[in-house]
Number of protein chains: 2
Amino acid sequence: MEKVDSLIHGRWVVPVVPSGQILENHCVVINGSKIIDIIPSNEVLGLYQALHESHLGDHLILPGFVNAHCHAAMSLFRGIADDLELKTWLEQHIWPLERKFVDEDFVEDGTNLAIAEMIRSGTTCFVDMYHFPQAAARAVREAGIRARIGLVISDSATAYAATTDDYFNNGLDFADRYKHDPLISCHFAPHAPYSVSDEPLKRMRVLSTELGFSMHMHIHETKQEVDDAVKADGMRPLKRLEQLELLTPDLHAVHMTELSIDEINSISENGVHVIHCPESNMKLASGSCPVNELLNAGVNVALGTDGAACNNDLDMLSEMKSAAFLGKLTAKNAAVLSATTVLEMATINGATALGLEDLIGSLETGKQADVIAVDMSKLELQPLTNPISQLVYSSDRSQVTDLWVAGKQLMKQRQLTTLDVEEIINKAQQWRDKFTD
Amino acid sequence: MEKVDSLIHGRWVVPVVPSGQILENHCVVINGSKIIDIIPSNEVLGLYQALHESHLGDHLILPGFVNAHCHAAMSLFRGIADDLELKTWLEQHIWPLERKFVDEDFVEDGTNLAIAEMIRSGTTCFVDMYHFPQAAARAVREAGIRARIGLVISDSATAYAATTDDYFNNGLDFADRYKHDPLISCHFAPHAPYSVSDEPLKRMRVLSTELGFSMHMHIHETKQEVDDAVKADGMRPLKRLEQLELLTPDLHAVHMTELSIDEINSISENGVHVIHCPESNMKLASGSCPVNELLNAGVNVALGTDGAACNNDLDMLSEMKSAAFLGKLTAKNAAVLSATTVLEMATINGATALGLEDLIGSLETGKQADVIAVDMSKLELQPLTNPISQLVYSSDRSQVTDLWVAGKQLMKQRQLTTLDVEEIINKAQQWRDKFTD
């Protein structure tokens with residue numbers, strides 16, 4: 001009889017790997033930060049004795065979601081400027097607010113708000129791209145969630161960094177301080193081809209190889225971006241990045257709504273990962289990423305919510321549903337982008353993009369115990385025929401009841417164990433009052 | 001001091017008419033089935049004394065949603081055949097199941113399930129299109145919700161009607177029995193141009209004028225439907241309906257993903273209402289309705305969820321969000337299909353399509369008290385800047401806490417007052433067990 005930390009029994013366990021598998025009445029066995037076994041619940045007795053045992057008889061147990069792209073702190077700008085064209089939204093609303101208000105406190109409070117929302121909707125790991133990474137990291141540590149924090153690079157001066165050198169120095173200094181953190185890792189986050197010039201991209205490319213950091217960049221978000229680049233540089237942004245030798249398995253290309261067949265083949269051949277943000281692309285009228293064609297070409301496509309300032313939540317459950325809906329419409333084929341496929345995009349594909357596929361993204365023995373439980377007993381899911389389909393197409397974030405990261409329970413029956421929701425809400429309201437003064 | 005039935009105090013009241021208005025700390029005053037006043041909460045004392053008083057200090061009070069298109073009873077088929085092409089889905093799954101199982105009990109149990117879901121997500125009136133209207137009406141009466149029930153017409157024999165004559169006779173007999181019901185009204189529901197021939201459509205046209213019934217029909221759902229009609233009839237379905245003199249303000253054209261500029265002008269000139277079902281159109285890869293162009297042409301566009309067998313819920317909150325997202329993407333303009341616009345589509349535009357705009361669809365003195373309350377205090381909506389935007393883009397169905405139809409409270413703090421949720425779930429599971437035997 002082995003002594004372990006936790007046993008999580010579920011009516012269904014969907015490990016994601018192998019694809020589409022649904023185990024009934026199974027138990028996830030956790031010791032320390034790791035999953036050490038997944039067995040039928042009726043075989044546990046005599047094998048394992050646990051400090052904590054969760055009997056979730058109406059629940060689906062699955063790996064936590066990997067939100068592969070967001071700007072966490074921008075949650076404080078939620079709803080502040082909706083239903084505007086991208087240019088107006090950025091130039092007349094978001095950038096002036098950022099210049100006036102974004103500092104370490106803003107980032108820490110905003111990231112706290114974002115993490116609380118992500119935990120409450122089943123995300124156990126997120127990829128962040130914003131200024132003041134040290135403030136974001138403090139929020140991540142306090143919450144106990146897993147994060148990949150981007151070291152932003154831009155040609156523009158901000159309160160965070162006055163020069164390109166500052167971006168590199170601040171970022172690398174931060175990365176060095178967190179290099180042994182078990183839950184926080186870093187990568188480069190150059191803003192976009194139009195906002196970062198060749199020299200810093202070349203410098204980043206060299207450092208990326210030296211440090212083993214991936215590179216995470218908004219690319220081909222809109223047709224306008226591509227057309228403008230052709231006018232300015234005589235070539236499409238992807239071509240320029242190819243010439244700079246950025247098209248490698250270390251690159252996360254976020255958005256990618258404008259892609260020729262040749263470009264799809266090129267990113268496939270070069271092992272570039274695509275991060276798809278369907279709700280952002282729809283709400284900002286950016287365009288449709290050809291996800292089905294990318295998957296058919298063998299490209300790894302992960303899923304992100306983008307920031308709550310544009311989109312207006314960080315809810316991976318609704319993002320999965322939107323990915324399936326938009327993917328089917330774009331491909332003109334209702335049979336593609338199935339519930340199983342978008343669930344993989346929201347879990348193991350995100351882990352793969354981060355190079356963490358041996359640690360997270362599925363429930364497998366030896367992996368980190370990043371686990372969520374979703375209550376499937378609600379009327380809105382009845383009659384329950386196929387748990388994966390009902391998870392993607394019929395459930396909502398309020399059904400996510402429990403969540404663990406590296407074996408530690410961060411939400412228990414909808415109550416957060418590490419964060420104070422009331423305090424987070426109060427701080428968010430104080431920030432709003434400052435913006436609207 | 002006037003004695004009244006109910007006072008509903010809300011932090012915000014959004015009456016929908018006038019467009020975009022947000023009243024703070026107001027009270028909706030209800031007597032009998034009607035709204036008799038809307039005034040600031042601090043002016044109520046001394047004016048009204050109520051039997052029931054609801055203080056909803058964190059809530060947004062607004063008119064209940066009008067779900068302008070669904071197939072309620074099909075909720076029993078939820079999740080039974082997802083991620084399939086439309087033809088496979090219908091011919092190999094839904095139609096065989098319908099032939100084998102659909103009877104009065106199926107329709108009553110399925111409609112109960114659908115109504116419970118709709119009440120829990122803020123719908124106070126729905127438009128139904130399915131067989132055995134008398135069974136659906138029993139469920140509607142038991143629940144106390146408002147409904148427009150379609151008298152289905154089809155060329156195909158079903159358990160409900162063997163011939164076209166049967167469809168008319170069964171439907172008209174039903175309509176006659178419910179003609180004085182305060183909450184149930186009827187209209188014709190010919191399935192689609194490809195499934196109803198000219199003679200029954202002509203007969204329906206005459207009866208529609210005689211009885212004052214509108215006509216509710218799937219039209220131009222897919223490009224395939226239009227192409228097939230051109231091959232078979234030498235003209236597009238809308239042209240054929242025009243020749244049959246069906247293009248009038250009595251017609252609800254459901255779906256309409258394939259429309260030329262001439263067709264948009266024609267339906268505008270003829271006052272045809274369009275019912276938009278964005279999530280169904282996406283999940284079945286049917287196409288994109290050009291909603292912004294229709295609105296610009298002055299067409300009344302209402303919103304429906306379609307049936308939960310294809311789509312897989314009856315949630316008007318998520319349907320509004322999808323309508324805004326898809327509408328912006330289709331129009332290539334992030335500034336159109338604003339939160340205010342899609343909220344109108346989900347309320348007053350639905351009422352207008354039904355010819356009930358003097359009764360429902362907004363909170364106005366003299367109208368029926370079809371009212372909902374949405375809790376806006378949740379972390380996912382913070383910081384709360386714009387209540388209409390946050391309602392559409394950031395809230396979810398679990399935040400709808402209270403609902404009234406014609407002044408009667410059907411949901412109180414998430415508890416249904418007229419329906420037994422456990423019993424409905426049990427029956428749904430029994431039906432699933434029959435299907436999968």
Side-chain angles (χ1 to χ4, degrees), chain A residues 76 78-80 82-86 88-89 113 116-117 120-121 279 281-285 287-288 308 311-313 315 318 322 324-326 328-329 331-339 377 379-386 389-390 393-394 396-398 421 424-425 428-429 431-432 435-436, chain B residues 76 78-80 82-86 88-89 113 116-117 120-121 279 281-285 287-288 308 311-313 315 318 322 324-326 328-329 331-339 377 379-386 389-390 393-394 396-398 421 424-425 428-429 431-432 435-436:
Chain A
L76 288 174
R78 192 197 317 266
I80 210 160
D82 283 317
D83 301 324
L84 298 168
E85 292 192 70
L86 179 60
T88 315
W89 178 75
L113 174 64
E117 181 184 349
R120 284 163 55 100
S121 50
E279 296 196 352
N281 297 161
M282 287 194 274
K283 182 152 178 284
L284 297 173
S288 307
N311 170 31
N312 291 11
D313 61 40
D315 177 359
S318 83
S322 294
F325 284 1
L326 181 61
K328 291 169 189 292
L329 185 71
K332 299 189 170 130
N333 184 345
V336 304
L337 274 286
S338 70
S377 69
L379 177 130
E380 286 75 8
L381 280 73
Q382 305 305 323
L384 205 148
T385 316
N386 179 331
S389 160
Q390 248 99 328
Y393 295 126
S394 303
D396 69 62
R397 63 194 177 191
S398 73
V421 168
I424 289 171
I425 292 176
Q429 291 172 343
W431 280 105
R432 176 203 52 202
F435 307 150
T436 52
Chain B
L76 288 175
R78 190 196 321 263
I80 209 159
D82 283 318
D83 301 324
L84 298 168
E85 294 193 69
L86 180 61
T88 315
W89 178 74
L113 174 64
E117 182 184 349
R120 284 162 56 99
S121 51
E279 296 195 354
N281 296 161
M282 287 194 275
K283 182 152 178 284
L284 297 173
S288 306
N311 170 32
N312 292 9
D313 61 39
D315 177 359
S318 82
S322 294
F325 285 0
L326 181 61
K328 292 169 189 295
L329 185 70
K332 298 187 170 134
N333 184 345
V336 303
L337 274 285
S338 70
S377 69
L379 177 130
E380 285 76 8
L381 280 73
Q382 304 306 322
L384 206 148
T385 316
N386 179 332
S389 160
Q390 249 99 328
Y393 296 125
S394 303
D396 69 62
R397 62 192 176 191
S398 73
V421 168
I424 289 171
I425 291 176
Q429 291 173 342
W431 280 105
R432 176 204 50 202
F435 307 151
T436 50

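Protein chains get the first letters and strands the later ones, always in sequence-line order, with residue 1 at the start of each. Predicted, not measured: the structure shown is a model, and the values here were computed from it.
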Count the heavy-atom pairs under 4.5 Å between each of [options] and chain B, then report the option with the highest count.
| options | result |
| --- | --- |
| A:T88, A:I80, A:L329 | A:L329 |
| A:L337, A:L84, A:L326 | A:L84 |
| A:N281, A:I425, A:L76, A:L86 | A:I425 |
| A:N311, A:L113, A:V421 | A:L113 |

Do the side chains of [Y] and [X] get nearer than 4.5 Å, heavy atoms only?
| X | Y | result |
| --- | --- | --- |
| B:D313 | A:Y393 | no |
| A:D83 | B:S389 | no |
| A:I424 | B:L379 | yes |
| B:L284 | A:K328 | no |
| A:R397 | B:D396 | yes |

From A:N386 atom CG to B:T436 atom OG1, the distance as rounded to the nearest 0.5 Å: 12.0 Å
side-chain contact (heavy atoms from CB on, under 4.5 Å) evaluation trace for B:E380 with A:R120: CA-CA 9 Å; B:E380 285 76 8; A:R120 284 163 55 100; 2.8 Å; yes
Set of residues satisfying salt bridge (charged side-chain N to carboxylate O under 4.0 Å, His left out) with respect to B:D315, sequence neighbours excluded: none
From CA spacing to verdict: side-chain contact (heavy atoms from CB on, under 4.5 Å), A:L384, B:R432: CA-CA 8 Å; A:L384 205 148; B:R432 176 204 50 202; 4.1 Å; yes
Step-by-step side-chain contact (heavy atoms from CB on, under 4.5 Å) determination, A:D82 to B:S338: CA-CA 8 Å; A:D82 283 317; B:S338 70; over 6 Å; no
Residues that B:W431 engages under ring pair (Phe, Tyr, Trp, His ring centres under 6.0 Å), provided they are two or more places apart: B:F106
Criterion side-chain contact (heavy atoms from CB on, under 4.5 Å) on B:R78 and A:T385, from CA distance to verdict: CA-CA 8 Å; B:R78 190 196 321 263; A:T385 316; over 6 Å; no
Over all atoms of both residues, closest heavy-atom pair of B:A335 and A:E85: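 So the minimum-distance heavy-atom pair works out to CB-CG, 4.1 Å.
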